[in-house]
Amino acid sequence: MMDKRGNLLNVSDLHVVFYTYRGVIKALNGVELWMNKGERLGIVGETGCGKSVTSRAVMNLIEEPGKIISGSVVFEDRDILKLKEDEVRKIRGNEISMIFQEPKSSLNPVMNVGFQIAEVLGKVNNKSIKSQYKAAAEMLEFVGLDSERVMSMYPHELSGGMAQRVMIAMGLAPNPKLLIADEPTSALDVTIQAQILELLDDLVEKMGNAVMLISHDMGVVAEFCNKILVMYAGNSAEYASTEKLFKKPMHPYTTGLLKAVPQIGRTDELKAITGTVPDLVDPPSGCRFHKRCPQTMEICKKERPPFIQVEEDHYVACHLYSQKGGENK
Amino acid sequence: MNIWTYILKRLLLMILVLFGVACIVFFIAHVIPADPISAMLGGNAPDEVIKRVEAQLGYDQPLIIQFYNFITGAVVGDFGLSLRTNNPVMQDINNYFPATLELTIFAIIISTVVGIVLGVLSAVHRNKIIDHFSRIFSIVGVSMPVFWTGLLLLLLFYYRLGWLPAAGRLDFFTIPPDHITGMYLLDSLLTGNWEVFKDALRHILLPAFALGLLATASIARTTRSSMLDVLKQEYITTAKAKGLKKNVVINRHALRNSLIPTVTIIGLTFGSLLEGAVLTETVFSWPGLGRYITQGLLFLDYNSVMGGTLYIAFVYSIANLVVDILYAVLDPRMRT
Amino acid sequence: MSKSTAKTKTGWVQLMRPYFEDMKHTMYLWRRNKLAIVGTIIIGAFLFIAIFAPLLTPYQPDVQNLSNKLLPPSSEHPFGTDQFGRDILCRILYGSRIAIQIVLIVTVISSLIGISVGVTAGYFGGIVDEILMRITDMFLAFPRLVLAMAFAAMLGPNLANMIIAISLVNWTPYARISRAEALRVKGQPYIESIRSMGASNFRIMFSHVLPMTISPVLVQLTLRMGTIIITAAGLGFLGLGAQPPSPEWGVMVSDGRSYLIDQWWVSTFPGLAIAIVVLGFNLLGDGIRDMMDPRLRR
């Protein structure tokens with residue numbers, strides 16, 4: 001399973017835990033994902049399924065009380081988890097950058113916008129921050145803001161949409177190979193959401209960056225991405241090209257998710273998945289989905305399903321498709 | 001709200017509060033003591049002496065007139081004569097206050113620097129040795145009575161080790177520097193008088209350290225908790241995601257945000273330093289305003305008590321005003 | 001008969017269950033907080049000493065014995081003796097009674113003043129609030145010790161007046177907290193419904209607003225007990241509080257100043273007693289605050 005499946009990013013067998021007073025939260029339990037250059041991968045799943053943790057782990061930004069206990073994150077040909085802090089820092093900002101869900105609280109409240117963009121440019125280009133103000137202003141124009149006005153504004157003076165534009169400017173300023181967008185639109189008004197996504201789509205199209213878009217909204221991901229990873233309770237459940245995933249969802253969880261999405265022209269009943277998200281301090285044995293799964297089998301309670309390829313660009317972790325599960329059937 | 005409107009509003013409020021403060025001071029000195037003059041002169045002073053002193057102090061007039069005189073005097077800084085020193089109280093204050101100010105400022109500089117460094121280290125290395133040390137230091141520091149710490153320091157550094165002098169602002173034979181601000185350290189620096197500077201520094205170290213201990217502890221504590229708070233914020237993750245060095249993330253992105261609550265504490269601390277100064281000055285025979293008021297109280301020297309107390313309250317209010325303004329400068333959110 | 005008692009008993013237990021659960025959780029938090037345990041032990045010992053002082057020492061706190069003066073610490077006098085030959089340990093033990101007296105009385109008086117001012121201001125709002133809060137500001141414009149000194153000196157320096165003086169400067173934080181709490185409670189819909197049933201202002205304030213302010217004020221009370229002891233000792237030290245021969249700790253430290261060079265123990269031990277007790281109150285107060293903090297109760 002260690003073979004390279006993508007030419008930009010290969011995450012395999014990633015385990016992350018959080019130590020809390022309630023016990024150890026097994027947040028990621030062997031996540032698998034990969035990306036090619038210029039590709040757009042959407043990661044979907046319910047709240048708490050480990051989407052955001054995965055994105056943080058890709059930049060090796062898991063902090064106490066969290067800890068990456070095993071796995072690898074190979075970016076191009078470097079394993080980020082094995083690099084020294086100095087070398088990881090050269091990748092962060094320069095080659096991978098990130099935008100967040102709450103744009104206003106992700107900007108430093110005591111610094112003006114210009115400084116915060118110039119700062120990352122200064123770091124990437126190894127120049128003084130002052131010398132980068134012009135470039136920063138250009139970036140602001142690039143994301144459709146009036147640079148003259150916005151440069152000297154403080155985060156609390158920005159609207160949510162403006163703040164997210166600033167974040168996008170900041171994230172794209174170094175022209176990174178990979179942009180991670182963690183729920184970039186969910187804190188914004190619906191009308192602004194569309195604008196921001198369109199803008200992001202536009203800019204990334206022009207610059208050719210790969211994007212990892214994290215969202216709980218299937219619709220957003222379907223529109224924006226060409227590959228989708230469905231996560232459930234810290235596991236990769238299903239990975240496929242957008243088209244295949246929607247046409248032929250394999251994992252019962254994915255099927256459930258798609259049934260829960262309202263669509264225009266849809267006539268069948270809208271169904272929520274029964275049961276609740278499992279407590280990751282004490283996760284279910286075997287397949288973590290077995291308690292909610294409509295097609296659960298005996299083996300699902302005992303053994304974790306492997307993440308296997310079922311066709312080109314289509315992988316799934318479910319005993320329905322595994323050898324052992326097949327025997328059982 | 002414009003920052004200048006804000007300052008103006010605060011100033012007006014301060015004037016109102018100061019008027020109230022003057023009322024309280026007057027109440028304490030004129031209304032509480034049943035018979036101030038005989039308390040002052042002792043039980044069996046002859047009647048005519050009592051009459052004369054009463055007239056001299058204006059105590060023979062109705063309270064309302066006394067109050068009027070006190071307030072109108074206070075506005076122009078005239079608090080009458082001190083019975084103990086026979087100088088105008090304001091002149092005494094001018095003599096004594098720079099010593100207190102020098103001590104307090106010196107102490108606050110030490111404690112701000114040490115406190116912030118300790119607090120930041122403590123937060124950044126949470127649950128490591130330095131954090132445990134700093135937390136225990138903080139809680140022990142706020143528990144030690146300042147006059148006792150002062151005595152222990154004297155015992156060690158003066159009596160046992162003989163490294164530092166025990167009392168006063170300068171050695172007996174050292175001539176004070178030319179009067180510019182009245183703060184010897186500053187004045188000797190301004191006049192380039194190194195000998196005096198050294199001497200003044202030697203004298204201020206122990207009292208400033210005793211006085212600053214409490215402030216250091218509370219500043220360290222506040223800085224630690226606000227730093228921990230800030231380090232959890234999302235913009236810190238943003239800064240890290242930019243690939244900035246750890247010390248840049250802390251110094252540039254976290255420190256300024258975490259200093260906002262610290263500034264408030266430093267302001268509050270200034271008040272506790274002023275009261276600590278009263279005790280420290282007594283322990284180290286430091287000729288400051290706190291000692292002046294204490295002596296005045298023990299000798300029932302009403303004018304100097306009223307003047308001194310009012311003056312301290314005035315300084316304290318100014319300090320609080322400065323803190324509020326600083327707060328507005330540090331936090332751009334306050335400016336709008 | 002017995003059946004019915006059993007039933008009421010279980011009923012009562014049932015009723016109190018959430019409180020027991022809460023208490024259990026509080027105990028759990030308390031046990032996890034080592035510093036709070038240390039604080040509790042210190043304060044427990046302090047109370048024990050104050051109650052049983054006469055049983056813990058063979059000496060009397062104010063009987064002079066000049067042939068024994070200024071003896072260094074020994075097995076007979078563990079903390080040595082002072083300039084009048086009095087056993088210092090004995091005086092410290094008895095001094096704890098004075099300290100506890102000061103803490104309790106000041107706490108009661110100042111919280112009464114503070115809560116009345118705060119609840120009145122918060123409940124009535126408007127001009128009443130404005131006036132009361134400006135008065136609070138005026139008291140806050142003084143360094144607390146300086147104001148207490150002035151009150152104590154003018155009332156006449158002795159223990160009782162010192163207690164009054166400290167109470168007069170110590171009520172402001174309670175006023176602010178109970179005001180904030182009263183404002184919060186006042187906004188609750190149930191107050192409106194009680195009012196619509198015709199309850200008087202006084203009654204609402206007393207039986208509905210006041211009880212809600214108690215718990216945050218209590219936290220502040222424990223947090224401030226250490227400060228009260230320090231202020232009292234400071235006044236005693238300056239000669240503006242309790243007067244000799246009272247074994248008040250601040251007075252004792254002041255007494256020993258003249259003997260600091262050769263008889264260090266005279267000042268050191270009473271000061272140590274102050275520091276330890278204040279530390280105990282601070283640790284306990286911190287612990288209680290942390291336990292009350294909903295963010296830490298997760």
Side-chain angles (χ1 to χ4, degrees), chain B residues 13-14 16-21 23-25 28-33 36 39 135-136 139-140 142-149 151-152 154-155 158-160 214 270-279 282-283 290 293-294 296-298 300 302 305-306 308-309 312-317 320, chain C residues 35 38-39 134-135 137-157 161 165 168 226-227 229-240 249-250 253-254 256-257 260-262 264 267-268 270-283 286:
Chain B
L13 198 64
M14 191 181 103
L16 180 73
V17 167
L18 280 178
F19 177 76
V21 164
C23 294
I24 296 177
V25 168
I28 291 174
H30 284 249
V31 183
I32 294 181
R135 290 173 72 184
I136 290 174
I139 193 118
V140 171
V142 294
S143 303
M144 309 233 292
V146 57
F147 54 91
W148 184 61
T149 329
L151 288 178
L152 290 186
L154 266 186
L155 190 62
Y158 174 64
Y159 293 127
R160 290 280 181 267
L214 178 95
F270 189 77
S272 72
L273 285 184
L274 279 180
E275 55 182 63
V278 174
L279 294 160
T282 304
V283 173
I293 295 177
T294 314
L297 285 169
L298 291 170
L300 293 174
Y302 292 99
V305 168
M306 288 196 293
T309 314
I312 283 222
F314 175 69
V315 172
Y316 189 36
S317 302
N320 283 338
Chain C
L35 291 178
V38 175
R134 287 297 85 79
I135 292 179
D137 282 349
M138 286 160 196
F139 276 83
L140 283 169
F142 291 95
R144 217 173 259 130
L145 180 71
V146 176
L147 190 58
M149 280 164 59
F151 274 123
M154 293 304 155
L155 289 165
N161 286 340
L168 284 175
T227 321
I229 292 191
I230 289 216
T231 312
L235 287 174
F237 178 79
L238 291 172
L240 293 166
W249 294 338
V253 175
S254 169
R257 277 182 72 197
L260 196 59
I261 314 176
D262 295 315
W264 54 271
S267 270
T268 307
L272 190 62
I274 305 173
I276 290 176
V277 170
V278 174
L279 180 68
F281 275 119
N282 285 345
L283 291 174
D286 273 9

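In what follows, chains carry the letters A, B, and so on, assigned in the order in which the sequence lines appear, proteins first and then strands, with residues in each chain numbered from 1. Just so it is clear, the structure is predicted and the values come from calculations on it, not from any experiment.
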So for [X], is it side chain, backbone, both, or neither that comes closer than 4.5 Å to the heavy atoms of chain B?
X	answer
Ile229(C)	neither
Phe151(C)	both
Asp286(C)	side chain
Leu272(C)	both

Chain C heavy atoms under 4.5 Å from [X]: which part of the residue, side chain, backbone, both or neither?
X	answer
Leu151(B)	both
Leu16(B)	both
Val305(B)	side chain
Val142(B)	both
Leu152(B)	side chain
Arg135(B)	neither
Val283(B)	both

Looking at chain B, which one of [options] has the largest number of heavy-atom pairs inside 4.5 Å, strictly under?
options	result
Ala152(C), Ala148(C), Ala153(C)	Ala153(C)
Thr227(C), Leu260(C), Asp262(C)	Leu260(C)
Gly156(C), Pro157(C), Ala141(C)	Ala141(C)
Leu147(C), Thr268(C), Leu155(C), Val277(C)	Thr268(C)
Val253(C), Leu35(C), Leu145(C), Thr231(C)	Leu145(C)
Trp264(C), Phe281(C), Phe237(C)	Phe237(C)

Taking C-beta and beyond as the side chain, do [X] and [Y] meet within less than 4.5 Å on heavy atoms?
X	Y	answer
Phe142(C)	Ile24(B)	yes
Arg134(C)	Leu13(B)	yes
Arg160(B)	Ile261(C)	no

Between [X] and [Y], which heavy-atom pair has the shortest distance, and what is it?
X	Y	answer
Pro143(C)	Tyr316(B)	N-CD2, 3.7 Å
Ile230(C)	Ser143(B)	CD1-O, 3.7 Å
Ala275(C)	Trp148(B)	CB-CZ3, 3.8 Å
Pro145(B)	Ile274(C)	CG-CG2, 3.6 Å
Ala150(C)	Ile28(B)	O-CG2, 3.7 Å

Against chain C, work out which of [options] has the most heavy-atom pairs shorter than 4.5 Å and name it.
options	result
Asn320(B), Leu274(B), Thr294(B)	Thr294(B)
Leu273(B), Val25(B), Leu298(B)	Leu298(B)
Val17(B), Ile293(B), Leu297(B), Thr309(B)	Leu297(B)

Q: Can you measure from CD1 (Ile139(B)) to CG (Leu279(C)) and round to the nearest 0.5 angstrom?
A: 6.5 Å
Q. Distance from Tyr302(B) atom OH to Met154(C) atom CE, nearest 0.5 Å?
A.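 Result: 5.0 Å between the selected atoms.
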Q. Is a side-chain N or O of Glu275(B) found less than 3.5 angstrom from the main chain of Arg144(C), in a donor-acceptor match?
A. yes
